[in-house]
Amino acid sequence: MKLLCIDTGNTSIHYGLVEDGAVSTTGDFSTAAARSANGPGALKAALLPLAEQSQGIAYCSVVPGINPILEQALADPARPLFHLNCNSCPGLPIVYPKPEEIGQDRLANALAAQTLHGLPAVVIDMGTAVSFDIISSRGYEGGIIAPGIGLMTRYLHEQTALLPMLEESDLLPPETAIGKSTVEAMQLGVAVGFSGMIEALLKRVVAELKTRESAEPAVLATGGSTANLTADWAEKIRFVEHLTLQGLAIAFQRAG
C-alpha cells in the first residue's frame with residue numbers, strides 16, 4: 001500500500017510517499033507559508049499530486065492550527081485520512097503520566113523504532129528542538145527536550161550586538177580547538193557544544209535503560225541537524241532519514 005505521510009513541524013511540513021517502509025518523493029513546505037493568506041491553496045497544490053498516487057493519508061502535527069487546513073485540502077472519500085495522536089497510536093503502550101503532552105511526531109518515531117529497529121530504543125530527533133524518546137519493553141516511557149542547533153545560533157545573534165547569524169551549513173567546526181575569529185569561535189561553541197550536549201544526555205539515558213532492560217538499546221537519530229554532529233558520531237548511532245514518515249505509515253496500517 002502506498003501512503004502519503006505528512007509531518008507538520010514548527011518550521012516545515014515534511015511529506016513523502018511511503019510503500020513497504022521505503023520513502024520516496026519527499027518534500028518540504030514552510031509552516032509559516034501554510035498559515036498565510038495564500039497558504040492553503042499552495043499547500044494543496046504541493047500535496048494533491050502525491051495524494052492522488054496514494055491509497056491513504058497519515059499525518060501528525062505539533063501545530064494544531066495547520067490541521068484543519070490539511071484536512072480540508074486533502075479530504076476525499078476515496079482516501080482515508082488518519083491523524084496520529086496519543087488516542088490513536090495502535091500497538092504502542094504509552095506508560096507516560098500525561099500522554100496528551102507527547103508530540104505526535106515523537107509517537108511516530110517511537111512506532112518506527114519499535115517496528116523496524118527493535119526494543120529498547122532511544123530516538124534522537126534533531127529539529128527546531130532536540131527530542132529524545134525512550135521506548136522500552138514496557139512501551140513509550142518519555143524523553144528529553146533540549147534546544148536545537150538552529151535555536152542556539154539564533155539566540156546568540158539576537159541577544160548580542162556583534163555576533164553574526166550563522167546558518168546550519170556554516171557550522172562545520174574548524175580543526176583547531178581554539179577559534180581564531182568570531183565565526184570560528186561560534187562554530188566551535190555551537191557545533192562541538194551541540195554534540196557534547198547530545199552525548200551527555202544519551203549517556204545518562206542509556207545507563208538507566210541498561211539497569212532494567214536485557215538488551216542493549218538501539219540508538220537512532222533523525223532530523224536535519226544530524227549533519228552538524230561531529231564525525232565520530234557515525235559509530236555511535238544509526239541515522240534514519242525519514243523515521244517519522246515511516247512511523248506514520250505503520251500507524252495507518254495498524255489502525256486498519
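The structure presented is a predicted model; accordingly, all values stated were derived computationally and were not measured.
When the shell of 6.0 Å around CD of Q72 is examined, it contains 12 or fewer heavy atoms from other residues, nucleotides or ligands. Other residues, nucleotides and ligands place no more than 12 heavy atoms under 6.0 Å from the CD atom of E208. Enclosure of atom CD in Q253 by more than 12 non-hydrogen atoms of other residues, nucleotides or ligands within 6.0 angstrom is indicated.
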Exercise for the section: Please report the C-alpha distance between T244 and N109 in whole Å, then the side-chain angles of each, then the deciding distance to 0.1 Å, and finally whether the side chain to side chain donor-acceptor pair (under 3.5 Å) criterion is met. Expected result: CA-CA 5 Å; T244 311; N109 289 342; 2.6 Å; yes
Exercise for the section: Decide side-chain contact (heavy atoms from CB on, under 4.5 Å) for V219 and V205; before the verdict, give the C-alpha distance in whole Å, the side-chain angles of both, and the deciding distance to 0.1 Å. Expected result: CA-CA 10 Å; V219 181; V205 167; over 6 Å; no
Handout entry: Pair L248-V18, side-chain contact (heavy atoms from CB on, under 4.5 Å): steps then yes or no
Key = CA-CA 9 Å; L248 283 168; V18 184; over 6 Å; no
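In the hydrophobic clustering of this structure, L220 does not group with I144; members are Ile, Leu, Val, Met, Phe, Trp, Tyr whose side-chain heavy atoms approach within less than 4.5 Å, directly or through other members. Cluster annotation: L119 and L111 are assigned to the same hydrophobic cluster (Ile/Leu/Val/Met/Phe/Trp/Tyr, side-chain heavy-atom contacts under 4.5 Å, transitive). Hydrophobic clustering (side-chain heavy atoms under 4.5 Å, transitive across Ile, Leu, Val, Met, Phe, Trp, Tyr) groups M1 together with L84. When hydrophobic clusters are built by joining Ile, Leu, Val, Met, Phe, Trp and Tyr residues whose side-chain heavy atoms come closer than 4.5 Å, directly or via intermediates, V62 is not grouped with V130. V240 and F132 are assigned to two separate hydrophobic clusters, defined by single-linkage of ILVMFWY side chains at heavy-atom distances under 4.5 Å.
With hydrogens and angles disregarded, no donor-acceptor distance shorter than 3.5 Å links the side chain of H14 to the backbone of D28. A distance-only check finds no donor-acceptor pair linking the side chain of T26 to the backbone of G16 [under 3.5 Å]. Checking side-chain atoms of E241 against main-chain N and O of V23 turns up no donor-acceptor pair under 3.5 Å. For E213 (side chain) and L209 (main-chain N/O), no donor-acceptor pair under 3.5 Å exists by modelled atom type. The backbone N or O of S131 sits nowhere less than 3.5 Å from a side-chain atom of R106 that would complete a donor-acceptor pair. Panel note: side chain S88, backbone H83; a donor-acceptor pair is recorded below 3.5 Å.
The side chain to side chain donor-acceptor pair (under 3.5 Å) with S61 is formed by just one residue from the set N67, D105, N85, D7; it is N67.
By the 30° and 60° cut-offs, the orientation of the rings of F252 relative to F82 is perpendicular. The aromatic rings of Y140 and Y96 stand perpendicular to each other, their planes meeting at an angle above 60°, with 30° marking the opposite boundary.
Among all heavy-atom pairs drawn from A113 and A121, the shortest one is CB-CB, 4.0 Å. Of all the heavy atoms in P120 and A215, the pair that sits closest is CG-O, 3.6 Å.
In this structure the side chain of L81 reaches within 4.5 angstrom of the side chain of E71, judged on heavy atoms.
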